[in-house]
Amino acid sequence: MTKEENEQRLQRLKSIVSNIPEKPGSYQYYDENGIIIYVGKAKNLKNRVSSYFHKEVDRYKTKILVSKIHNITYTVVNTEEDALLLENSLIKKYKPKYNILLKDGKTYPSICITKEYLPRIFSTRIINKKFGVYYGPYSHLGSMNSLLEFIKKTYRPRPCRTPMTKEGIESGKYKPCLEYHIGNCAAPCIGKQSFDDYMENIREAQEILKGKTRSLQKKTYEDMLKAAEELRFEEAEILKRRYQALETYASKSEVVSHVIDNVEVFSIADEEKMAFINYMHVTNGTIDQAQTYEFKKKLEETEEEILSLGIMQIREERNSESKEIIVPFELETPIKDVTLTVPQRGDKKKLLDLSIMNGKQYKFDRMKRVEKLNPEQKQTRLMKELQNALKLEKMPYQIECFDNSNISGTDAVAGCVVFKGMKPSKKDYRKYNIKTVVGPDDYASMQEVVRRRYSRMMEEEAPLPDLIITDGGRGQMEVVREVVEDELHLRIPIAGLAKDNRHRTNELLFGFPPVVIGMKTDSELFHILTHIQDEVHRYAITFHRDKRSKRALHSELDDIKGFGEKSKDLLLKKLKSVKKIKEADIQTLTEIIGARKAKIVYDYFHQELGDSE
């Protein structure tokens, strides 16, 4: 498209926008082929649609969307609720390219009660509503299997798949199977259990699947007392065991007070490209349905926008009839015939916290799975996170960190470690003997090392780091800055890791003058930064220890030219010390290491003695 054609397109769209009413409704954007690419809703259509065409719009994804729009239509409705409903139905129908969409993930299993003459109860991932009634889906298989096991033991629905009819049972067509003989089935197929009794068990199992355990427990208790009064003691005993099983199950499954009934809980956790909405349904204080849904983000949608649309889609998918929804924050758009609650304390707050925790855990687990398959994605995420925290121009791929090590100024050394893509690049590590500094002056030592490293890198035209981290606070940062910026005129960002009075790293500093960057010390990124700090400290300390060890092991024998390690070891093994080697005559030395080397050693020590006399 030429510049002139693009100007004509924008003028045509702006003329449409100028005639849009200031009323609630839904708007639709079309591409050049007449396909809907975006559906939105608005409290004020004109204000919302016109905002896309302001010159100051600087969001990249929004600019891309606007560049694809060739036509706009809209539908006016009476309320914001109607606008949300209309938006949801249009998105489901057209699946526009730039709208957030409920992501197709794996199919979670549901529990099915079939519509057969003698219904069966089992788990399945295939939904066919002509075949039976479905409860779920269940995202946690352990919970679903425990529930099925409870129903199996308590109500004994038939486990066989044999198609059964009333006529077949009356004519004796069927025979009892092993499940009857081991007590897992009451054999309704041969009339051992009446049809009415079997269907009552199925009805009670349905109540449990609906989460109405407490009401069922109350009814079972009343039936037990009635059976006992009428002297039906065997039946009363069966009801007593059933009541006790229901009591145990209810106490295990009840999360909060059972007065919270038929309530839904929604929370959201999002990242750059995805949003995760956790859904829970609570009946009589029991969570009977729970699942986290994935939504793929297309534009810079807010959490409020994503959650509002997500609630509509999830409720529609689950045929929800709940009249109360618990949410983490106020939603601008109300939902028809539903009360939105933002709890601050109590049992409802516990449910919300539980939903938030599950949403965050799902997000964390999903990211871990993705990063396990693609480790570079984790590195990129951490680099991006650090770039955003420090507001850097580019991602810090190459990070370098320095540390000094000395004891009262002796054997002063320094180390530089290099991390590339948030991983140590050990081939790029460098050790430095301090040459120009006398005494324990950490600042001067740091400046010498930084000056030597980056002067050489400039001479060799080697790639400079994207970020320098100093093992220290404001003082270390300033002395490094003086060399990097003032002397070498380089533009390399400098950060510092400062310790508290208990010598634990607790702050990330950045800028000039340095300021504390808000970052949780238990975050993954902060752990990486402290790992870099620990690594440079280990590297410098190890170098310093090695240097001191070599000096401590140095002896006069090391200064004798033409005299190797093997000869030195032989002499020390036989004569035990340098003093005895000095005192030995030429004949003793010759017997140990030979005439030529014996003369070198003898002449060295006696010449030395002669010079000193």
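These values consider heavy atoms only, across backbone and side chains, with no hydrogens, waters or symmetry-generated copies.
- Screening Glu264, Glu317, Gln291 for a side chain to side chain donor-acceptor pair (under 3.5 Å) involving Tyr279 leaves a single residue, Glu264.
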Q | Leu309 vs Gln313, side-chain contact (heavy atoms from CB on, under 4.5 Å): CA-CA, chis, key distance, verdict | A | CA-CA 6 Å; Leu309 191 58; Gln313 293 186 13; 3.7 Å; yes
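- For residues 29-42, the set of pairs meeting the side chain to side chain donor-acceptor pair (under 3.5 Å) definition, not counting sequence neighbours, comprises Tyr30-Thr73.
- What you find for Pro514 and Leu509 is that their closest heavy atoms are CB-CB, 4.3 Å.
- A centroid separation of less than 6.0 Å is found between the aromatic rings of Tyr539 and Tyr429.
- Contact between Ile69 and Arg9 at its shortest, heavy atoms only, is O-NH1, 2.6 Å.
- In this structure, the side chains of Met519 and Leu529 come closer than 4.5 Å at one or more pairs of heavy atoms.
- Under the side-chain hydrogen bond (donor to acceptor under 3.5 Å, both in side chains) criterion, Glu482 pairs with Gln447, not counting sequence neighbours.
- Between Asp270 and Lys297, at least one side-chain N (NZ, or NE/NH1/NH2) sits under 4.0 Å from a carboxylate O, which counts as a salt bridge.
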For residues 456-464, dump all side-chain donor-acceptor pairs below 3.5 Å to protein atoms at least two apart in sequence or in another chain.
from	atom 1	to	atom 2	distance (Å)
Arg456	NE	Glu460	OE2	2.9

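- For the atom pair Ile356 CD1 and Leu351 CG, the distance stands at 11.0 Å (nearest 0.5 Å).
- Checked by atom type and distance alone, the side chain of Glu5 pairs as donor or acceptor with a backbone atom of Thr2 at under 3.5 Å.
- Scanning for side-chain contact (heavy atoms from CB on, under 4.5 Å) contacts around Asn358 gives Asn278, Leu354, with sequence neighbours left out.
- Environment of NZ in Lys360: sparse, with no more than 12 heavy atoms of neighbouring residues, nucleotides or ligands closer than 6.0 Å.
- Closest non-hydrogen pair, Leu45 versus Thr75, comes out as CD1-O, 4.1 Å.
- In this structure the side chain of Val480 never reaches within 4.5 angstrom of the side chain of Phe402, judged on heavy atoms.
- Side chains of Leu65 and Ile37 form a contact here, defined as non-hydrogen atoms less than 4.5 Å apart.
- The salt bridge (Lys or Arg N to Asp or Glu O under 4.0 Å) check on Asp486 picks up Arg481, with sequence neighbours excluded.
- With respect to Arg491 and Glu393, a salt bridge is recorded, a charged nitrogen being found less than 4.0 Å from a carboxylate O.
- Lys46 contributes atom NZ, which lies 8.5 Å from atom CD1 of Ile20 (distance to the nearest 0.5 angstrom).
- In this structure, the side-chain contact (heavy atoms from CB on, under 4.5 Å) partners of Gln8, at least two apart in sequence or on a different chain, are Glu4.
- Inter-residue side-chain proximity for Pro328 and Leu352 is flagged as met; some heavy-atom pair is nearer than 4.5 Å.
- Taking CD of Gln533 as the start and SG of Cys401 as the end, the distance is 7.0 Å to the nearest 0.5 Å.
- The line from CD1 of Ile36 to CG of Asn71 is 10.0 Å long, rounded to the nearest 0.5 Å.
- Between the side chain of Ser455 and the main chain of Arg451, a donor-acceptor pair closer than 3.5 Å is present.
- Listed here is the closest heavy atom pair of Gly415 and Val536: O-CG2, 3.6 Å.
- Applying the side-chain contact (heavy atoms from CB on, under 4.5 Å) criterion to Glu305, with sequence neighbours excluded, gives Arg48, Glu301, Thr302.
- For Ser18, there are no side-chain contact (heavy atoms from CB on, under 4.5 Å) partners two or more places apart in sequence or in a different chain.
- The side-chain hydrogen bond (donor to acceptor under 3.5 Å, both in side chains) check on Ser425 picks up Asp428, with sequence neighbours excluded.
- The CD1 atom of Ile532 sits 11.0 Å away from atom CD of Glu400, with the distance rounded to the nearest 0.5 Å.
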(Q) Using the rule given for side-chain hydrogen bond (donor to acceptor under 3.5 Å, both in side chains), can you reason through Asp522 versus His527, listing the C-alpha separation, both sets of side-chain angles and the distance that settles it, and then say yes or no? (A) CA-CA 7 Å; Asp522 60 351; His527 286 162; over 6 Å; no
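- Ser26 contributes a side-chain N or O that, together with a main-chain N or O of Gly40, makes up a donor-acceptor pair within less than 3.5 Å.
- Here the closest heavy-atom approach between residue Ile311 and residue Ile325 is recorded as CG2-CD1, 3.9 Å.
- For Phe122, the ring-ring contact (aromatic ring centres under 6.0 Å, His included) criterion is met by no residue, not counting sequence neighbours.
- Counting only distance, with no hydrogens or angles, the side chain of Asn319 and the backbone of Arg315 share no donor-acceptor pair below 3.5 Å.
- For the residue pair Tyr27 / Tyr52, a side-chain donor-acceptor distance below 3.5 Å is found, with atom types taken as modelled.
- Legend: residues meeting salt bridge (Lys or Arg N to Asp or Glu O under 4.0 Å) with Asp403, ordered by chain and number and at least two apart, are absent.
- Scanning all heavy atoms of the two residues, the minimum distance from Cys112 to Thr124 falls at CB-CG2, 4.0 Å.
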Q | Stepwise side-chain contact (heavy atoms from CB on, under 4.5 Å) check, Gln398 with Val418 | A | CA-CA 7 Å; Gln398 181 171 324; Val418 179; 3.9 Å; yes
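- Under a cut-off of 6.0 angstrom, the local environment of CD in Glu487 is crowded, with over 12 non-hydrogen atoms contributed by other residues, nucleotides or ligands.
- Taking 4.5 Å as the limit, every side-chain heavy atom of Lys43 sits out of range of all side-chain heavy atoms of Lys23.
- More than 12 heavy atoms of other residues, nucleotides or ligands shown are found within 6.0 angstrom of NE2 on His70.
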Q: Apply side-chain contact (heavy atoms from CB on, under 4.5 Å) to Met383 and Gln387, showing your working.
A: CA-CA 6 Å; Met383 287 189 290; Gln387 179 187 7; over 6 Å; no
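- In this structure His531 satisfies the ring-ring contact (aromatic ring centres under 6.0 Å, His included) test together with Phe419, sequence neighbours excluded.
- At a threshold of 4.5 Å between non-hydrogen side-chain atoms, the residues Tyr397 and Lys420 count as touching.
- Between Lys350 and Asp347, at least one side-chain nitrogen of the basic residue sits less than 4.0 Å from a carboxylate oxygen of the acidic one, meeting the salt-bridge criterion.
- The shortest side-chain heavy-atom distance between Lys97 and Ile35 does not fall under the 4.5 Å cut-off.
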Q | side-chain contact (heavy atoms from CB on, under 4.5 Å) evaluation trace for Tyr134 with Asn128 | A | CA-CA 9 Å; Tyr134 296 84; Asn128 183 351; 4.0 Å; yes
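- In this structure, a donor-acceptor pair under 3.5 Å is present between the side chains of Tyr362 and Glu294.
- The shortest distance between side-chain heavy atoms of Leu90 and Gln28 falls below 4.5 Å.
- Remark: Ile91 CD1 to Met312 CE distance equals 10.5 Å, nearest 0.5 Å.
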